[in-house]
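Read the structure below first, then the notes.
Excluded from the calculations below are hydrogen atoms, water molecules and symmetry mates; all remaining heavy atoms, backbone and side chain alike, are included.
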Amino acid sequence: MDPIRRSTIGIAGGYGYRASSYFMNTLISRCQKTKHVKPTIVAVINTVAPQVESSFIHGKSDEKPFLQSLNDTVETLFNANCEFIALPC
């Protein structure tokens, strides 16, 4: 019998919440289809108001708050011992 791989996947979500939802659904569906990959999934979802997100994308706002939020999220996932981190957006 083959051993089950137990990776810890971190998801920095909310920076494009629909993309985060789609990514998580796809990841879970694919993991359910295999016998040998059963990851632990740690998700930190930081929703950003659509206006703030749009302003940031178009360079019309200060990026420091956005980048600080992202940095805090990645640090949380790092402290949760995630082997890798996905940023769906």
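- In this structure, Q32 has no side-chain hydrogen bond (donor to acceptor under 3.5 Å, both in side chains) partners at least two apart in sequence or on a different chain.
- Alongside I11, the hydrophobic cluster contains I9, F23, M24, L27, I28, I41, I45, F84 (criterion: ILVMFWY side chains under 4.5 Å).
- For N71, the side-chain hydrogen bond (donor to acceptor under 3.5 Å, both in side chains) test picks out no residue, with sequence neighbours left out.
- Contacts of T34 classified as side-chain contact (heavy atoms from CB on, under 4.5 Å), with partners at least two apart in sequence or in another chain: H36, V37.
- Applying the side-chain contact (heavy atoms from CB on, under 4.5 Å) rule to T26 yields the partners Y22, R30; only residues at least two apart in sequence or on another chain are considered.
- Within the structure, side chain to side chain donor-acceptor pair (under 3.5 Å) pairs that include any residue of residues 72-89 comprise Y15-T73, N46-T73, Q68-D72 (at least two apart or interchain).
- Residues L67 and V74 share a hydrophobic cluster, clusters being chains of Ile/Leu/Val/Met/Phe/Trp/Tyr side chains in contact below 4.5 Å.
- Between S20 and G14, the closest heavy-atom pair is OG-N, 3.0 Å.
- Here the closest non-hydrogen pair linking A19 and P88 is O-CB, 3.8 Å.
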